[in-house]
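Bear in mind the structure is a predicted one, so any value in this text is a computation, not a measurement. One-based numbering along the sequence shown. Counting convention: from 1, in listed order, for ligands and their atoms alike.
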Amino acid sequence: MKTDVAIIGGGAIGAALAYHLKMMSPSLGVTVIERDPTYGLASTPRASGGVRRLFSLPENIELSKYSIPFFETFPDTMAVNGEKAEIGFKKGGYIFVVPPSSRDMLKQNYDTELSLGCNVVWLEPDEIKHKFPSMYVGDLGAAVHSPDDGWLDPHSVLMGFRKKAQSLGASFIAEDVVGMTRNGTSVTAATCASGLAVEADHYVNAAGAWAKELCTMLGFKVPIEPLRRFEHYFECEDVIEPLPYLKDPDRLAFRPEGKGYSGGVPTLKEPRGYNFEADHNYFEDVVWPALAHRFPKFERTKCKNTLPGLYDQNDFDGNVIIGPGADGLQNFHMLAGFSGHGLMHAPGCGRAMAELILTGRYETIDLTRFGWQRLVDGTPLPERGII
Ligand SMILES: Cc1cc2nc3c(=O)[nH]c(=O)nc-3n(C[C@H](O)[C@H](O)[C@H](O)COP(=O)(O)OP(=O)(O)OC[C@H]3O[C@@H](n4cnc5c(N)ncnc54)[C@H](O)[C@@H]3O)c2cc1C
């Protein structure tokens, strides 16, 4: 079959791109190749759903500034036949808390956020305590609170984008890409397990944690690795004041969810690989001590569920690789390596990638620095501080 743009991977990222392409160019042929329409192992439905403006790089802050308001109007924007696409967006806020040794770093990031127009608030330890009395602040140097951030339901975001893109004419085919053919600097076909060959003017690698497999098929390596991370659901026996989504220096990251809380402690020490085994000791051994330290009321907590999922971890610098140029290929675009930020940036990155394909340049947010060239130059562009 022939199409204009073939997107390989139909998670939040691929579906968001399909939506933007069809909105910007209604007659464009857009085919999303997604091998598992149930999204059984995909990262999107396993995500925590946090959306925040708290970053150090202007690109990530701008992506959030585009994406979070997009999520706020998502139910109406993505409505199909009058049916709203609810995503349960909760504007509960976000807070980053740091030790005294990281105060200067947090202050620099805060200044960048302020300069880009974010509504963020600097809190000294006594102010943190006043706002969140259950929190232990004895070892903290400061915090930044972002009251307009929050969390949402990742699966609903994915389905909203998918259904809307389909209603605009994008086609999603349940096929598994097992081979890619190249001719010099062009990709000429994606071959599926069924034998179907998809020919396209542009190919987009939106395969998330599996992105490196497509690159291997094309004969080159990419530093994006599957990194297992657990999302735990837990409850607290004691009453705690309403909390925002919190991140602390121990990489503890959690938020309220229903009667309890959802979160975990991601670690970069985890061996890379497609590992979906749940380690039921991890909560007890790693998460609980961090929780009970930060909130003594969590001494009495119960973990009710542990769900493993994969980050598409960019081991080069922890940020997305977007656009053409990988191994000299001009019509093969990377859109992976989000390293834990993909859901919140799906609207912005989908938009940016669509602009690049349709007009050859970024119009809304300049993501040039997130392109392949930084790998060629050996110049990583990591986030500074909590990631
Ligand atoms: C526990 C956990 C918590 C997270 N928390 C957050 C958070 O709070 N906020 C946030 O923004 N992000 C979070 N993330 C990260 C977020 O989930 C990802 O960045 C985002 O979902 C990536 O979307 P995606 O579409 O690229 O990947 P996916 O959703 O994994 O989609 C990729 C799709 O590609 C398909 N595919 C792969 N290879 C092929 C092939 N060869 N042929 C056909 N189809 C193929 C797969 O079936 C899959 O459906 C979290 C992730 C985890 C695991």
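- Using modelled atom types, one finds no donor on one side chain facing an acceptor on the other under 3.5 Å when comparing S56 with Q108.
- The closest protein non-hydrogen atom to atom 8 (O) of ligand 1 is G50 N, 2.8 Å.
- Ligand 1 is approached by A206 to a heavy-atom distance shorter than 4.0 Å.
- Listed by atom number, the atoms of ligand 1 under 4.0 Å from M344 heavy atoms are 9 (N), 10 (C), 11 (O).
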Worked check of side chain to side chain donor-acceptor pair (under 3.5 Å) between S146 and D149: CA-CA 6 Å; S146 181; D149 296 347; 2.7 Å; yes
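- Of the polar atoms of D36, none of the N or O atoms is found under 3.5 Å from an N or O of ligand 1, judged by distance alone.
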Side-chain donor-acceptor contacts of residues 89-100 below 3.5 Å, not counting sequence neighbours, with atom names and distances?
| residue | atom | partner | partner atom | Å |
| --- | --- | --- | --- | --- |
| K91 | NZ | E72 | OE1 | 3.4 |

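- In terms of protein heavy atoms, atom 42 (N) of ligand 1 is closest to V177 N, 3.0 Å.
- Within ligand 1, counting atoms from 1 as listed, the ones closer than 4.0 Å to a heavy atom of L343 are 10 (C), 11 (O), 12 (N), 16 (C), 19 (O), 20 (C).
- Atom numbering of ligand 1 starts at 1 in the shown order; those under 4.0 Å from a heavy atom of D312 are 19 (O).
- Considering backbone and side-chain N/O atoms, I13 comes within less than 3.5 Å of an N/O atom of ligand 1.
- Using cut-offs of 30° and 60° for the angle between ring planes, the W210 and F276 rings count as parallel.
- Below 4.0 Å from some heavy atom of G9 lie the following atoms of ligand 1, by number and element: 33 (C), 34 (O), 35 (C).
- Side chains of E231 and Y233: no donor on one and acceptor on the other come within 3.5 Å.
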